[in-house]
Enquirer: 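Have a look at the structure that comes next, please.
Chain letters run A, B, ... following the sequence lines, proteins first, then strands; residues in each count from 1.
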4 protein chains.
Amino acid sequence: MAPLNDKQLHQIRDERREQIKAAAIQVFAHKGIVSAKMSMIAEKAGISNGLLYHYYKSKDELFMSLVQEAMVETESAMRSIYEMPGTPIEKIRALTAEILDESGAPYFMLIHQARTSDGVPVKVKHLLEQYSMDTFIDMLLPLYQEGQQVGELAAGDPRELIACFLSVLTGIMVINANGIEDYRIPKVDMLMRLIAHPVSSLSNK
Amino acid sequence: MAPLNDKQLHQIRDERREQIKAAAIQVFAHKGIVSAKMSMIAEKAGISNGLLYHYYKSKDELFMSLVQEAMVETESAMRSIYEMPGTPIEKIRALTAEILDESGAPYFMLIHQARTSDGVPVKVKHLLEQYSMDTFIDMLLPLYQEGQQVGELAAGDPRELIACFLSVLTGIMVINANGIEDYRIPKVDMLMRLIAHPVSSLSNK
Amino acid sequence: MAPLNDKQLHQIRDERREQIKAAAIQVFAHKGIVSAKMSMIAEKAGISNGLLYHYYKSKDELFMSLVQEAMVETESAMRSIYEMPGTPIEKIRALTAEILDESGAPYFMLIHQARTSDGVPVKVKHLLEQYSMDTFIDMLLPLYQEGQQVGELAAGDPRELIACFLSVLTGIMVINANGIEDYRIPKVDMLMRLIAHPVSSLSNK
Amino acid sequence: MAPLNDKQLHQIRDERREQIKAAAIQVFAHKGIVSAKMSMIAEKAGISNGLLYHYYKSKDELFMSLVQEAMVETESAMRSIYEMPGTPIEKIRALTAEILDESGAPYFMLIHQARTSDGVPVKVKHLLEQYSMDTFIDMLLPLYQEGQQVGELAAGDPRELIACFLSVLTGIMVINANGIEDYRIPKVDMLMRLIAHPVSSLSNK
DNA sequence: CATGAATGAGACTTCATTCAT
DNA sequence: TATGAATGAAGTCTCATTCAT
């Protein structure tokens with residue numbers, strides 16, 4: 001009956017936050033930010049409606065916090081590309097596979113929602129500027145250029161190509177996030193054709 | 001003495017319906033079915049809130065009517081592929097270009113919304129079954145197989161390839177529909193690489 | 001193509017007013033004052049929505065005018081009792097039969113609605129005071145007392161008896177007005193037992 | 001530390017439900033299902049508009065739940081007649097008195113509203129079929145026939161007589177439910193004359 | 001920390017009423 | 001006179017958020 005000590009409290013808080021985040025990601029991704037109801041999130045997290053507001057001041061804040069996390073995660077994934085082994089195209093394939101595989105879809109979905117929703121306050125918009133597509137393009141640019149030089153990647157304006165590739169990737173993630181059976185996610189190799197140099201990809205096979 | 005004659009009335013009604021449809025497509029595509037408020041549509045159409053309900057019984061009906069139209073439109077676009085000139089790959093390129101160009105994005109968006117939203121009643125779901133992805137795959141299958149035989153199109157399970165291609169296309173349309181600047185729509189030629197036979201596409205260039 | 005002359009116009013006006021009244025009575029009686037929609041009345045009258053408002057300034061006015069008419073009609077029916085042939089009980093039986101038979105039900109319904117509805121403005125309330133139940137009781141009182149003296153009618157406070165009888169009659173009319181099959185309107189003879197002197201009614205049979 | 005325990009919660013919920021039901025019965029009986037506004041019910045119950053929907057999913061559901069309760073109540077009252085002491089006519093008089101006395105009027109009103117309103121969905125209609133007037137007639141039939149055999153009750157088709165009697169009773173309850181002063185509810189003895197055998201009722205006095 | 005009752009703003013929808021023709 | 005399109009107020013219902021316990 002003794003009150004929980006600070007450590008325990010802290011642990012409970014962290015656990016709860018994780019429960020909530022996990023639940024919220026699912027619900028947001030499935031239903032979109034507007035259709036997602038706080039009550040759904042609470043239920044999926046196994047907690048009461050009111051408790052949600054002990055951990056997150058508002059739906060917007062909860063959403064924003066997820067978006068931020070998604071962005072940090074995405075950025076770190078992007079950065080990690082330089083630590084990967086292999087040639088440029090192999091690195092990109094690995095990164096792409098990681099994005100497609102992993103539970104990355106909800107992240108993309110969240111970011112997309114954030115970009116397109118307009119009910120969300122200024123704070124999110126700031127985040128979005130900070131992690132705009134250009135940011136990611138900048139990160140991948142050197143690698144892509146290297147790939148072009150070694151003849152692995154398709155010729156053309158590299159920024160444009162990266163932007164298109166990321167857009168396609170985002171599109172796939174977005175339509176995939178809702179769990180609709182109808183759509184079909186392409187295999188990595190298929191997507192790589194978008195940016196691979198034709199001859200290289202031939203010899204690659 | 002007499003009130004407006006039939007012709008005038010008809011004309012007014014048609015005008016209004018078009019105004020409303022145009023406004024609704026924009027709003028629905030931008031915001032999704034839930035975020036789209038009838039008041040927004042009314043305002044964008046330049047009419048009162050109540051008048052909306054003279055022309056469409058409910059938000060759902062309005063949405064459904066747009067979705068249906070979108071589907072019919074899409075289906076007819078797909079069917080038209082067989083009337084196009086050129087080899088299989090040229091036909092597909094032309095169709096793809098048409099989809100990307102034209103104001104087709106909102107249509108795709110609507111269909112996607114219909115597929116993913118769950119606030120929509122049974123009627124829409126029926127429509128969706130009628131125009132599932134499989135339907136479209138079936139339509140394109142013969143053409144694709146022909147393309148494979150003449151060596152223009154990539155080898156592999158043709159249904160799978162078509163499904164992936166359409167999914168990518170849908171994804172692009174969806175992220176594009178919101179009018180976000182960040183994303184970058186690939187050129188047709190780039191997208192064609194997804195399904196073109198490597199050698200063929202080389203010689204094509 | 002010559003414009004209608006005054007007489008014709010007048011005639012049209014009268015016809016229209018009758019159409020509207022007839023339609024309105026039906027709709028009001030069936031649905032009650034709130035559920036009755038002006039559009040229903042217009043449709044049943046075979047005219048346009050707008051035209052209704054050329055003849056009646058508002059729903060309330062239309063309703064009120066019907067109520068007034070119903071009251072005048074009812075009062076005159078009541079008054080006519082003294083012109084009827086026969087003994088007091090025979091007169092009352094005749095009046096009762098008239099009320100039950102005739103399309104009188106809607107009238108009762110209207111008056112009842114007016115009494116119970118509270119959305120109706122002051123003017124109707126004035127009417128109601130003018131034609132309160134007491135008014136009718138006063139009218140029937142001499143007859144009833146005569147009936148008691150000749151031993152045809154049940155003993156007891158005559159005002160009370162009349163009031164009860166009229167209330168029962170009203171109740172029947174009200175539940176009958178909606179056209180529900182479930183209810184069963186008693187025969188006149190049955191109702192007369194409420195106020196007939198037992199012995200008299202025996203010998204009457 | 002813990003929130004309200006189960007018992008307390010249960011109690012609060014029950015209280016609220018009772019508040020709401022009491023308020024709703026009054027408002028529905030007074031105004032009818034259409035005129036009755038949820039806001040009126042909320043106000044009369046002393047709660048917010050939104051809380052109403054915590055306890056009842058919709059206006060229809062609230063109405064239906066009251067109707068159902070009214071029907072069950074009515075049926076049980078009818079059934080109880082066989083447990084009452086006395087001869088058939090005494091039993092019927094007791095039942096009638098109970099109906100007239102008690103707060104039964106709102107119940108009758110509700111059932112009547114349900115029968116006559118047409119805004120109410122299918123579910124209520126099902127209920128109504130289950131508890132149609134015929135059902136009640138069937139329940140009273142044996143008793144009535146017994147009453148006829150012992151010469152207490154008026155001769156004639158017993159089903160018809162019961163139906164008329166119940167209709168009159170309903171009519172009275174309906175016009176009484178609105179709380180209009182004008183009407184006058186007959187005493188039980190007066191109503192009994194409708195169905196009592198003349199001679200019997202004579203000796204009864 | 002935890003609960004769920006309670007609130008209220010806002011959205012959809014209906015319909016009496018007005019208005020241009 | 002006659003029409004039906006057009007308006008806007010009001011009602012039902014949802015849900016993010018707060019509050020008492």
Enquirer: Looking only at side-chain N and O atoms, does B/Tyr53 come under 4.0 Å of OP1 or OP2 in E/dT14?
Expert: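 So the side-chain polar atoms of B/Tyr53 never come under 4.0 Å of the phosphate oxygens OP1 or OP2 of E/dT14.
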
Enquirer: What nucleotide, of F/dT21, E/dG4, E/dT14, holds the atom closest to the side chain of D/Gln8?
Expert: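 Among F/dT21, E/dG4, E/dT14, the one nearest the side chain of D/Gln8 is F/dT21.
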
Enquirer: Taking the side chain of A/Ile47 as heavy atoms from C-beta outward, which of E/dA5, F/dA2, E/dT3 is closest to it?
Expert: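 Shortest atom-to-atom distance from the side chain points to E/dT3.
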
Enquirer: If you only use heavy atoms from C-beta on, which nucleotide in F/dA16, E/dT13, E/dA6 is closest to the side chain of B/Asn49?
Expert: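 Between F/dA16, E/dT13, E/dA6, the one nearest the side chain of B/Asn49 would be E/dT13.
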
Enquirer: Please state how far atom NZ in D/Lys37 lies from atom C1' in F/dC13, giving the value in whole angstrom units.
Expert: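 Taking atom C1' of F/dC13 as the reference, NZ of D/Lys37 is at 14 Å.
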
Enquirer: side-chain contact (heavy atoms from CB on, under 4.5 Å) with A/Phe28: which of A/Gln113, A/Met109, A/Lys59?
Expert: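 Going through A/Gln113, A/Met109, A/Lys59 one by one, the side-chain contact (heavy atoms from CB on, under 4.5 Å) with A/Phe28 is satisfied by A/Lys59 alone.
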
Enquirer: With the side chain of C/Tyr55 defined as its heavy atoms from C-beta on, choose the nearest nucleotide among F/dA6, E/dA5, F/dT1.
Expert: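 Closest of the options to the side chain of C/Tyr55: F/dT1.
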
Enquirer: Answer with base, sugar-phosphate or nothing: what part of the nucleic acid does B/Leu52 contact at a heavy-atom distance below 4.0 Å?
Expert: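 Touches nothing.
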
Enquirer: Could you identify the nucleotide paired to F/dA6, looking across every strand shown and requiring Watson-Crick or G-U wobble geometry with both distances under 3.5 Å?
Expert: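 F/dA6 is paired with E/dT17.
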
Enquirer: Would you mind telling me which residue lines up with the more 5' stretch of DNA chain E, B/Gly50 or D/Gly50, judged by nearest nucleotide?
Expert: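 Final value for this comparison: D/Gly50.
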
Enquirer: To the nearest Å, how far apart are B/Ile20 CD1 and F/dA6 C1'?
Expert: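 Roughly 11 Å, once rounded to whole Å.
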
Enquirer: Closer than 3.5 angstrom, by distance alone: can the side chain of C/Lys37 be matched with the main-chain N or O of C/Val34 as a donor-acceptor pair?
Expert: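 Yes; at least one donor-acceptor contact below 3.5 Å.
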
Enquirer: What nucleotide, of F/dT7, F/dA16, F/dA2, holds the atom closest to the side chain of B/Leu51?
Expert: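 Of the candidates, F/dT7 comes closest.
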
Enquirer: For the side chain of A/Ile12, starting at C-beta, report the closest nucleotide among E/dA2, F/dT7, F/dC15.
Expert: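 Between E/dA2, F/dT7, F/dC15, the one nearest the side chain of A/Ile12 would be E/dA2.
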
Enquirer: Within the pair C/His54 and F/dT1, is there a side-chain N or O less than 4.0 Å away from OP1 or OP2?
Expert: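 C/His54 to F/dT1 OP1/OP2: side-chain N or O found under 4.0 Å.
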
Enquirer: Just verifying a value: how many Å separate B/Gln68 CD and B/Leu128 CG, rounded to the nearest 0.5 Å?
Expert: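 It is 11.0 Å, given to the nearest 0.5 Å.
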
Enquirer: Taking atom C1' of E/dC15 as reference, at what distance in whole Å does atom CD1 of C/Ile33 sit?
Expert: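 Value for this atom pair: 14 Å.
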
Enquirer: Of the candidate nucleotides E/dT17, F/dA6, E/dT13, which contains the atom at the shortest distance from the side chain of B/Lys59?
Expert: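 The answer is E/dT13.
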
Enquirer: Can you tell me how far P of E/dA5 sits from CD of D/Gln11, to the nearest Å?
Expert: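 One finds 13 Å between P of E/dA5 and CD of D/Gln11, rounded.
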
Enquirer: Can a donor-acceptor pair be found, under 3.5 Å and without considering hydrogens, that links the side chain of C/Arg17 to the backbone of C/Tyr55?
Expert: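 Yes, C/Arg17 side chain to C/Tyr55 backbone: donor-acceptor pair under 3.5 Å.
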
Enquirer: Surrounding CD of A/Glu43 (heavy atoms of other residues, nucleotides or ligands, distance under 6.0 Å), is the total greater than 12?
Expert: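 It does not: A/Glu43 CD has 12 such atoms or fewer within range.
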
Enquirer: For B/Gly46 and A/Ser39, take the nucleotide of DNA chain F holding the closest heavy atom to each; which residue's nucleotide lies nearer the 5' end?
Expert: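 Here B/Gly46 is the residue nearer the 5' end.
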
Enquirer: Any side-chain N or O of C/Arg13 less than 4.0 Å from the OP1 or OP2 oxygen of F/dT1?
Expert: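 It does, given that an N or O in the side chain of C/Arg13 lies less than 4.0 Å from OP1 or OP2 of F/dT1.
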
Enquirer: 5'-most contact on DNA chain F: D/Ser58 or A/Ala36, nearest heavy atom basis?
Expert: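 Its nearest nucleotide lies further toward 5', so the answer is D/Ser58.
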
Enquirer: Using a cut-off of 4.0 Å on non-hydrogen atoms, how would the nucleic acid contact of C/Ala42 be classed: base, sugar-phosphate, or nothing?
Expert: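 It contacts nothing in the nucleic acid.
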
Enquirer: In whole angstroms, how far is the P atom of E/dG4 from the CZ atom of D/Arg16?
Expert: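 Rounded to whole Å, this separation is 16 Å.
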
Enquirer: Could you tell me the separation between the NZ atom of A/Lys31 and the P atom of F/dC15, rounded to a whole number of Å?
Expert: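 That distance rounds to 10 Å.
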
Enquirer: Taking atom P of F/dC15 as reference, at what distance in whole Å does atom CD of A/Glu43 sit?
Expert: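 Value for this atom pair: 13 Å.
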
Enquirer: I'd like to know if the side chain of C/Glu15 pairs up with that of C/Gln11 as donor and acceptor (distance under 3.5 Å, no hydrogens or angles considered).
Expert: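 Yes, C/Gln11 and C/Glu15 have a side-chain donor paired with an acceptor closer than 3.5 Å.
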
Enquirer: In whole Å, what is the span from the CE atom of A/Met38 to the C1' atom of E/dG4?
Expert: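 Going from A/Met38 (CE) to E/dG4 (C1'), I get 15 Å.
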
